[in-house]
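Excluded from the calculations below are hydrogen atoms, water molecules and symmetry mates; all remaining heavy atoms, backbone and side chain alike, are included. All ligand and atom numbering here is 1-based and tracks the order in the structure. The first residue of the sequence shown is numbered 1, and numbering continues consecutively from there.
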Amino acid sequence: MFYTIVGTQWGDEGKGKIVDWLASKADTVVRFQGGNNAGHTLQIENKIFKLNLLPSGIITGKKCIIGNGVVLDPWALNNEINKLSLQGISINQFNLMIAENICLILPIHKIIDELNEKLRGAEKIGTTKKGIGPAYEDKVGRRSIRFCDLEDDHLLKKKIKNLITYYALRLRNSNIKINTSELFKDLKKIYELLKQYAKPTWKIINELGTKNETILFEGAQGAMLDLDFGTYPYVTSSNTSSGQIFTGSGFSKRDNHEILGVTKAYTTRVGSGPFPTELKGKIGNYLIERGKEYGTVTKRKRRCGWFDANLVKQSITISGINNIILTKLDILDDLKEIKICTGYNIEGTNYDYLPFSESMQNKIVPIYKNFIGWETSTFGITKWSDLPKNAQIYITSIEKIIEADISVISTGPERTQTIDKKKLL
Ligand code: GDP
Ligand code: IMO
Ligand code: MG
């Protein structure tokens, strides 16, 4: 059996918690896109684990794979491994494998990320400044240094020289320079620490698949940050939709695959870009504080708004999602009235999807359906029948509007605070 978990909004839907919850069923957990721009928080018996690059299955001791679709900051990975080992999680070549052909994030990519944002001025994306975009640009431009390139000194020197020529032109009006011998030395040093993890992971994943092992593909970010289908240019630089698992890992089996979409019971977004249901006043602030909506990676306040069924429906279609997992229901507990956006009106015309045009996106007037709040705690509830009637009505109404089943409802950050309505576990 194969599972894919993807975010259906703008990221931070609670994918980490759900991957950890489902990991008991899996033998292997695979990351297939993004990089350390991701921030997945897991809370297990009051212990908090924050993961950026490592698949969330690492906490339960599962085999974990960082696939070729990810961009790898080797220094960030080494720090994450050290941080987790201080929390008692041991990482070795048996529970971590990294695709040999993965492209690296280098220090220059972080510098360029900052510079690009500065140049965009008021139009800045609000990136995590982890060098994600520039690293993917080098991948597409066929200039990247890959993990396997670190083995061969001659090739590595040639590749560094190549990059230096490219960036010298790009940065000719600045005083930023790449120091060749320093970069070479630093890369060799970090490679010594990490080379034990380098494997032809595409081959391993397919072999595990044929042996009937359960593989869980862990998405990062969310559908609306997808490079093709998101709110471009206010997106990340990878495809976050489920189609990416195949190219981002080399896995080829298409059958026995459950695609699970993680969806917050409201909507959040970090960084710039359109957000039709954004709430800037009292309710927005309530959601930020009650939901602890501060970014894991950058600590920025997340923008908050009502549940946008129009967007989620689109994500379900694009990713072929079979089941929705609804998280953070408990955050809505104190609200008197709750709204769901069922469609958009743009200059008098109704839309049941998000048009790509930026100018149209900026003119969206959301169409809302109102619901009466339940005004009682749902925190930690584990049975559907224990949910207040109005919470049940809210959930079943979402199901109707998005035309998909909500199989799991999360009522708290702990693994155990979960309603397994359709008995997924
Ligand atoms: P991810 O990036 O999709 O993995 O999500 P993040 O980890 O960035 O953000 C989700 C946050 O909400 C984390 O701090 C989780 O511990 C927390 N969380 C997840 N599910 C629930 C829930 O159902 N209720 C509450 N109160 N917190 C949750
Ligand atoms: P997880 O996996 C939320 C956002 C950034 C910015 C845009 C581009 O935790 O859900 P980038 O650094 O990727 O070039 O930034 O994407 N972003 C995320 N927002 N959750 C994430 O990951 C994100 N990763 C990137 O805030 O708007
Ligand atoms: Mg996150």
Any chance the side chains of [X] and [Y] put a donor and an acceptor closer than 3.5 Å?
X: N323; Y: D405; answer: no
X: Y197; Y: E100; answer: no
X: S357; Y: S359; answer: yes
X: D308; Y: T267; answer: no
X: Q221; Y: T240; answer: no
X: K17; Y: S410; answer: yes

Taking only heavy atoms of the protein into account, state which residues are under 4.0 angstrom from an atom of ligand 1, in chain and number order.
->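 D12, E13, G14, K15, G16, K17, G39, H40, T41, T296, R302, K328, D330, I331, S410, T411, G412, P413.
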
For [atom], what's the nearest protein heavy atom and its distance?
atom: atom 26 (O) of ligand 2; result: R300 NH2, 3.0 Å
atom: atom 12 (O) of ligand 2; result: T128 OG1, 2.5 Å
atom: atom 21 (C) of ligand 2; result: Q221 CG, 3.9 Å
atom: atom 7 (C) of ligand 2; result: V235 O, 3.8 Å
atom: atom 5 (C) of ligand 2; result: G126 O, 3.6 Å
atom: atom 27 (O) of ligand 2; result: V270 O, 3.1 Å

Could you check which of T127, D113, L225, T236 puts a non-hydrogen atom nearest to atom 4 (C) of ligand 2?
->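 Of the listed residues, L225 has the closest heavy atom.
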
Option set L227, D12, V6, criterion heavy-atom distance to atom 20 (N) of ligand 2, minimum =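 The option holding the nearest heavy atom is D12.
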
Just do the side chain to side chain donor-acceptor pair (under 3.5 Å) check on S56 and D20 with the steps written out, would you?
-> CA-CA 6 Å; S56 298; D20 171 67; over 6 Å; no

Do F32 and F246 have their ring centres less than 6.0 Å from each other?
->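 They do not qualify: ring centres at least 6.0 Å apart.
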
Is there a heavy atom of R302 sitting under 4.0 angstrom from any atom of ligand 2?
->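 In this structure, R302 fails to qualify as a contact of ligand 2 - no heavy atom is under 4.0 Å.
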
contact_flag G39 ligand 2 heavy-atom lt 4.0 Å |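 Right, G39 reaches ligand 2.
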
Protein N/O/S atoms closer than 2.8 Å to the Mg ion (ligand 3) |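 N, O, S partners closer than 2.8 Å: D12 OD1, G39 O.
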
Under 30°, 30 to 60°, or over 60°: which ring-plane class applies to H257 and F251, parallel, tilted or perpendicular?
->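 Ring orientation, 0 to 90° scale: perpendicular.
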
S272 to ligand 2: N or O pair under 3.5 Å?
->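 There is no such contact.
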
Which of the atoms of ligand 2 are close to [X], meaning less than 4.0 Å from one of its heavy atoms?
X: A220; answer: 2 (O)
X: G271; answer: 27 (O)
X: W10; answer: 3 (C), 19 (N)
X: A38; answer: 1 (P), 2 (O), 9 (O), 22 (O)
X: K15; answer: 1 (P), 2 (O), 10 (O)
X: I125; answer: 8 (C), 27 (O)

Run the salt-bridge test on [X] and [Y] with the 4.0 Å N-O cut-off and return the result as yes or no.
X: K25; Y: E258; answer: no
X: K313; Y: E403; answer: yes
X: K129; Y: D113; answer: no
X: K15; Y: E13; answer: yes

Which bit of K130 is near ligand 2, meaning a heavy atom under 4.0 Å away: side chain, backbone, both or neither?
->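 It is neither; nothing of K130 touches ligand 2.
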
Identify, with sequence neighbours excluded, every residue that meets side-chain hydrogen bond (donor to acceptor under 3.5 Å, both in side chains) alongside Y234.
->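 If we apply the side-chain hydrogen bond (donor to acceptor under 3.5 Å, both in side chains) test to Y234, skipping adjacent residues, there are no hits.
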
Please identify each residue that fulfils side-chain hydrogen bond (donor to acceptor under 3.5 Å, both in side chains) with T263, with sequence neighbours left out.
->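 Only T8 meet the side-chain hydrogen bond (donor to acceptor under 3.5 Å, both in side chains) criterion with T263.
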
CD of E337: more than 12 outside heavy atoms within 6.0 angstrom?
->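 Yes, the 6.0 Å shell around CD holds more than 12 heavy atoms from other groups.
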
Single hit among K299, R302, R300 for salt bridge (charged side-chain N to carboxylate O under 4.0 Å, His left out) with E293 |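 Result: among K299, R302, R300, R302 is the only option passing the salt bridge (charged side-chain N to carboxylate O under 4.0 Å, His left out) with E293.
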
Can the positive tip of R269 be found less than 6.0 Å from the middle of the six-membered ring of F275, inside 45° of the ring normal?
->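 No - R269 does not lie over the ring of F275 by the 6.0 Å and 45° rule.
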
